[in-house]
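Working notes, structure below.
In what follows, chains carry the letters A, B, and so on, assigned in the order in which the sequence lines appear, proteins first and then strands, with residues in each chain numbered from 1. Model, not experiment: these values are computed from the prediction.
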Amino acid sequence: MSAFSSGNDAGKAGKIVDILKNRFGEIPWWPGNTDEVMIGAILTQQTRWENVEQALQQLKDRDMCSMAAMNAADAEKIEAAVRCTGFYRIKARRLKALAGFVTDICGGVDLMASIPTPTLRAGLLGVYGIGEETADSILCYGFSRPSFVVDAYTERIAWCAGITTPRSALKPLFESVIAEDSHVYHQTHAHIVEYAKGWCTKKRCEGCRIMALNG
DNA sequence: GACCAGGTCCTTG
DNA sequence: CAAGGACATGGT
């Protein structure tokens, strides 16, 4: 595909990062304290962020927007508060599982924050309802760890750029081309989502031509 | 009314 | 291990 840049996948990934940084600069992304980020990470699964914000507000209104409160709350109460995000029964179950892990297993967020990243990631992946994207979102935005978040948009953009690395290996690929800096990790994922939502709108859009944006 | 949304788990072949 | 279905509300 001559419209796309040539070269290896790492080169293409690095170029995507640079192009998007120049295009968007600093953008606000994923507000909230650690508890709110963890809750939002579950709620945003296969769901628009605007709906997640509504649910977070509902939880706040009911004093349930924390791991400790959720650990103690009835599942039905949580279901009612997160209904607007869809999959509300299973998400309530996942939130309870996470709250149990954070509160009972780790002994709270403060102790959790002292766990080394590989150990913490493995622990999160063992929690019901937490897969790679959710775990990395929690690590990156909740604990400011340099753990790159790969989502459906990352996969799309990589495809449009001609990257052939499979999705399962996109995390180490992008981590190899960006600085070991939590702020860079935050912004890079944000840029990818922001771009893909607006311009790389289909699974294999073929139309956004991302690599042509800056030559 | 059809289709999709910042996934993950479970069941089959 | 890959593929397909389930989970569910809300917006376009």
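With respect to A/Gln187, the side chain to side chain contact (heavy atoms under 4.5 Å, CB included) criterion is satisfied by exactly one of A/Ile178, A/Ile27, A/Asp181, A/Val17: A/Ile27.
In this model, a donor atom of one side chain and an acceptor atom of the other lie less than 3.5 Å apart for A/Ser147 and A/Lys171.
A/Val193 is listed as a side-chain neighbour of A/Trp29, based on a closest heavy-atom distance under 4.5 Å.
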Original post:
Between A/Glu194 and A/His189, does a side chain to side chain donor-acceptor pair (under 3.5 Å) hold up when you go through it step by step?
Top reply: CA-CA 9 Å; A/Glu194 191 63 21; A/His189 173 67; over 6 Å; no
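No salt bridge links A/Lys91 with A/Glu79; every basic N to acidic carboxylate O contact stays at or beyond 4.0 Å.
Side-chain atoms of A/Thr44 never come within 3.5 Å of backbone atoms of A/Gly40 as a donor-acceptor pair (strictly under, hydrogens ignored). Remark: side-chain polar atoms of A/Thr201 are not paired, donor with acceptor, to backbone N or O of A/Gly198 under 3.5 angstrom. Formation of a donor-acceptor pair under 3.5 Å by the A/Thr188 side chain with backbone atoms of A/Tyr185 is not found in this model. Judged by distance alone, the side chain of A/Asp9 and the main-chain N or O of A/Thr165 form a donor-acceptor pair under 3.5 Å.
B/dG6 and C/dA6 have their P atoms separated by 22 Å, given to the nearest Å. For the P atoms, the distance linking B/dT8 with C/dG10 amounts to 22 Å, nearest Å. Atom P of C/dG4 sits at a distance of 16 Å from the matching atom of B/dC4, rounded to the whole Å. Between the C1' atoms of C/dA8 and B/dA2, the separation comes to 16 Å (whole Å).
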Original post:
Dot-bracket for DNA chain B: what is it, with Watson-Crick or G-U pairs under 3.5 Å, [ ] where a pair crosses earlier ones, and | for a pair to another strand?
Top reply: .||||.|||||||
Original post:
Which parts of nucleotides 7-13 of chain B does protein reach within less than 4.0 Å, heavy atoms only, written one letter per nucleotide 5' to 3' as B for base, S for sugar-phosphate only and - for none?
Top reply: BBS----
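Residue pairs meeting the ring-ring contact (aromatic ring centres under 6.0 Å, His included) criterion with at least one member in residues 34-91 of chain A, sequence neighbours excluded, are A/Trp30-A/Trp49. Residue pairs meeting the ring-ring contact (aromatic ring centres under 6.0 Å, His included) criterion with at least one member in residues 194-213 of chain A, sequence neighbours excluded: A/Tyr195-A/Trp199. Within the structure, side-chain hydrogen bond (donor to acceptor under 3.5 Å, both in side chains) pairs that include any residue of residues 98-116 of chain A comprise A/Asn71-A/Asp104 (at least two apart or interchain). The salt bridge (charged side-chain N to carboxylate O under 4.0 Å, His left out) pairs that include a residue from residues 138-160 of chain A are A/Glu155-A/Arg167, where partners are two or more places apart or lie in different chains.
For A/Phe148, the ring-ring contact (aromatic ring centres under 6.0 Å, His included) criterion is met by A/Phe174, not counting sequence neighbours. For A/Arg93, the salt bridge (charged side-chain N to carboxylate O under 4.0 Å, His left out) criterion is met by no residue, not counting sequence neighbours. Partners of A/Glu133 according to the salt bridge (charged side-chain N to carboxylate O under 4.0 Å, His left out) rule, which considers only residues two or more places apart in sequence or in another chain, do not exist here.
A/Ile138 places its CD1 atom 18 Å from the P atom of B/dG6, with the value rounded to the nearest Å. The distance between atom OH of A/Tyr88 and atom P of B/dA5, rounded to the nearest whole Å, is 22 Å. The nearest whole Å value for the distance from the CD atom in A/Glu79 to the C1' atom in C/dT9 is 14 Å.
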Which protein N or O atoms sit under 3.5 Å from an N or O of nucleotides 10-12 of chain C?
unit_1, atom_1, unit_2, atom_2, d
C/dG10, N2, A/Arg48, NH1, 2.8

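For the contact set between residues 172-182 of chain A and DNA chain B, defined by any heavy atom under 4.0 Å, there are no members. Of the residues in residues 17-42 of chain A, A/Trp29, A/Trp30 come within less than 4.0 Å of DNA chain B through at least one heavy atom, sorted by number.
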